Number of protein chains: 6
Amino acid sequence: MTKQFTHLDSSGAARMVDVSGKEATTRTAVATGVLRTTAEVIGLLGADDLPKGDALATARIAGIMAAKRTWELVPLCHPISLSSVAVELALGPAEVLITATVRTNDRTGVEMEALTAVSVAGLTLHDMVKSVDPAASVTDVRVERKEGGKSGLWVRP
Amino acid sequence: MTKQFTHLDSSGAARMVDVSGKEATTRTAVATGVLRTTAEVIGLLGADDLPKGDALATARIAGIMAAKRTWELVPLCHPISLSSVAVELALGPAEVLITATVRTNDRTGVEMEALTAVSVAGLTLHDMVKSVDPAASVTDVRVERKEGGKSGLWVRP
Amino acid sequence: MTKQFTHLDSSGAARMVDVSGKEATTRTAVATGVLRTTAEVIGLLGADDLPKGDALATARIAGIMAAKRTWELVPLCHPISLSSVAVELALGPAEVLITATVRTNDRTGVEMEALTAVSVAGLTLHDMVKSVDPAASVTDVRVERKEGGKSGLWVRP
Amino acid sequence: MTKQFTHLDSSGAARMVDVSGKEATTRTAVATGVLRTTAEVIGLLGADDLPKGDALATARIAGIMAAKRTWELVPLCHPISLSSVAVELALGPAEVLITATVRTNDRTGVEMEALTAVSVAGLTLHDMVKSVDPAASVTDVRVERKEGGKSGLWVRP
Amino acid sequence: MTKQFTHLDSSGAARMVDVSGKEATTRTAVATGVLRTTAEVIGLLGADDLPKGDALATARIAGIMAAKRTWELVPLCHPISLSSVAVELALGPAEVLITATVRTNDRTGVEMEALTAVSVAGLTLHDMVKSVDPAASVTDVRVERKEGGKSGLWVRP
Amino acid sequence: MTKQFTHLDSSGAARMVDVSGKEATTRTAVATGVLRTTAEVIGLLGADDLPKGDALATARIAGIMAAKRTWELVPLCHPISLSSVAVELALGPAEVLITATVRTNDRTGVEMEALTAVSVAGLTLHDMVKSVDPAASVTDVRVERKEGGKSGLWVRP
């Protein structure tokens with residue numbers, strides 16, 4: 001086993017890895033996650049994806065804003081400029097599917113930004129529904145696809 | 001169905017609900033979550049819970065710091081003082097179990113703070129392991145137990 | 001003229017004034033402001049206060065979140081806990097009236113928090129409409145009423 | 001009427017628009033605003049633009065720092081690098097005229113950054129003078145001129 | 001040797017210690033530090049403590065604002081409310097003496113807040129003078145005195 | 001004496017200087033500082049640089065995260081992207097030597113970022129050891145070397 005974590009130096013100390021040699025190119029990442037809740041909550045959130053109030057908008061905004069702050073939250077992420085962020089919410093029978101798409105023209109990939117957008121949108125939904133469903137959970141937060149940079153296209157197997 | 005979301009007013013507009021009438025008492029919340037990854041990653045993170053480098057410490061610190069910033073991330077959370085935050089990480093065969101315990105002496109519960117600590121510790125582990133396991137996921141982020149305030153003890157059913 | 005600014009000491013140096021001798025009591029402030037724009041923009045924002053998309057929700061959320069960060073923006077404001085924040089938007093013929101109501105149980109008044117909520121809600125509306133009306137303005141941002149603390153009730157004359 | 005808000009997608013959901021196709025060029029924006037107050041306050045702030053203490057400096061600094069945080073406050077603004085920020089304050093008989101000039105070498109215009117600098121400088125002045133003039137207001141916050149990028153020069157009509 | 005760091009649990013993991021059992025009382029801390037520079041720089045900063053421009057005000061404001069953000073910077077510090085913050089700067093022959101005084105009515109001492117105010121005021125002065133004196137240093141940042149809470153008065157020996 | 005501070009305009013007002021005419025090139029800065037403490041504290045921190053718990057990791061992480069936030073703390077610093085940040089800690093008989101190395105591909109040097117990383121790592125160590133050594137100090141925070149940009153290499157004389 002010769003693999004190792006790029007975020008640790010040879011002595012095991014954490015560091016923000018050097019990306020000064022990488023090219024600034026267009027990079028995109030898509031991440032998803034799920035808020036598991038109850039049918040009752042879904043009924044309160046909307047019907048046929050028609051929201052009954054600001055709940056879904058609040059979660060979308062929270063996710064977009066969090067994507068921009070990823071480097072403040074995740075200690076070894078680089079501060080980068082983001083070219084676009086979109087957060088989509090789709091209502092299922094007893095869950096909300098969260099999808100975040102993030103793009104940059106910078107030196108590192110943006111999968112952490114997409115994952116952060118999904119997580120914080122999920123936390124915001126959790127906060128919104130907790131008075132009705134305290135047992136809700138945010139689950140399956142993961143990268144679906146990333147593109148651009150030297151490593152090229154990665155699609156979830 | 002007469003339940004409704006306390007974060008929305010009668011017209012559906014988002015608001016930060018008024019807690020000025022609630023008492024400042026000791027409140028505690030415990031949340032958990034899981035980073036699903038591979039046995040190879042667990043081997044790189046440590047053995048017998050003996051970390052091989054700063055990776056676990058980085059995730060613990062990130063979780064603690066994020067708990068304090070919950071109100072900046074989740075739009076309708078109240079800014080509150082926190083009395084204590086602890087984040088524990090336990091290595092399983094192909095996963096890391098994350099547990100956060102948060103306490104306050106304030107007017108609202110701290111389950112969102114505990115959930116945020118778990119989520120960001122999970123995102124930080126994800127960031128750390130992604131060069132080895134890009135398919136990792138953060139899952140089952142949920143409240144296990146909360147105590148204090150008018151609603152008293154809630155334990156996950 | 002014997003009045004002076006409480007934020008400056010006798011040598012003129014800025015300081016955060018000592019409120020440790022003040023009592024923690026319930027204090028409320030209401031501030032208002034106006035986005036001046038065009039009838040075309042108002043038509044795009046909604047009709048009969050029925051929003052056509054997330055624009056109004058985005059401004060409400062931005063205002064609420066900014067109220068919580070007032071002490072990060074205004075150098076001599078105290079970091080305080082907020083008990084509630086609400087931002088209301090009402091559409092006029094060629095303007096949006098913004099009203100923010102903020103409450104605390106702390107040692108200082110919250111008029112700066114209410115003014116900050118109005119300003120940032122106004123900036124967010126400005127950002128939203130600028131592709132259609134680059135000449136919009138945010139105007140008449142002011143305190144309407146404040147209550148609580150030693151100075152009691154103040155109503156705009 | 002075929003115009004629409006670029007910040008909303010076809011379903012009305014808020015998003016951070018994609019600027020990855022735009023060129024990074026030098027862009028400048030100038031915004032202004034006014035703190036309306038009393039002659040007494042202007043006397044306390046200074047004479048012949050000679051400040052009597054840190055009040056004007058505090059507002060200038062607050063405006064500059066806020067310009068850099070625009071993307072944290074206005075939900076759909078892009079995080080961008082700023083090449084320069086200047087905030088000028090001029091004392092009138094019963095008002096302070098605030099002018100902010102912001103420049104970038106990035107993919108979007110900086111009018112929101114200039115407007116945010118003006119607003120927060122205005123809020124800071126408001127905070128400073130409120131013990132003497134609680135009825136002050138921040139008014140006429142607007143873009144005067146913007147330059148650079150595909151849309152070229154725009155001057156307030 | 002039985003002493004140990006309160007910020008680490010028995011396994012050595014970092015945690016934010018529990019202060020929920022401590023009383024909220026008035027606590028004060030004074031910290032100092034020095035910017036070591038050249039006589040030329042002191043001449044540019046002012047004469048007889050009369051500043052020639054915004055340099056000293058900028059450092060004072062930066063120190064005050066940083067005190068409020070201590071808990072965002074120092075991972076295991078508690079988020080607390082501050083009752084007052086003052087930063088004083090005194091010009092010596094080839095140095096600036098920085099003194100910060102911070103007060104709270106909360107459950108923990110504020111020496112870290114005072115130290116952070118001194119450090120960031122020092123960094124800001126360093127930034128200001130670096131075009132003239134790149135070899136400047138910030139030195140002797142330390143607590144002079146702290147008062148209040150169970151441990152009572154501590155004065156630097 | 002014709003030198004002057006670039007951060008002040010001709011009237012003495014603070015401003016963020018215009019770097020739009022500078023080239024985006026690779027720039028590196030190294031800064032150092034020292035936590036002066038006791039032999040007892042060094043014994044608690046580790047032996048032969050083998051840490052006994054998370055204390056050193058916490059300081060490293062805090063320093064790295066602070067480097068990214070320099071522009072939020074130091075009022076006239078530009079918000080820039082950082083390509084790498086590393087913080088090294090070496091234990092001496094009664095002190096910890098802190099070294100930070102920061103790199104960017106942007107329009108300004110990164111000595112302030114390196115100094116901020118050192119300062120906040122030092123403050124975090126101070127926080128960690130203060131229960132055992134309240135008289136510790138952070139000292140000799142200074143630039144050792146900077147490289148890149150028009151001014152080229154500077155090494156501390």
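Fair warning: this is a prediction, and the values are worked out from it, not measured in the lab. Letters A, B, ... mirror the listed sequences (proteins, then strands); counts begin at 1.
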Q. Of the backbone (N, CA, C, O) and the side chain (C-beta and beyond), which part of F/Leu82 lies under 4.5 Å from a heavy atom of chain A, both, or neither?
A. both

Pairs of donor and acceptor atoms under 3.5 Å between chain F and chain A, please, with atom names and distances.
unit_1   : atom_1 : unit_2  : atom_2 : d
F/Lys68  : NZ     : A/Trp71 : O      : 2.8
F/Lys68  : NZ     : A/Val74 : O      : 3.4
F/Lys68  : NZ     : A/Pro75 : O      : 2.8
F/Lys68  : NZ     : A/Cys77 : O      : 2.7
F/Ser83  : O      : A/Val19 : N      : 3.0
F/Ser83  : O      : A/His78 : NE2    : 3.1
F/Val85  : N      : A/Met16 : O      : 3.3
F/Val85  : O      : A/Met16 : N      : 2.9
F/Arg103 : NH1    : A/Asp18 : OD2    : 2.8

Q | Proximity breakdown for A/Val17 and chain F, heavy-atom pairs closer than 4.5 Å | A | backbone

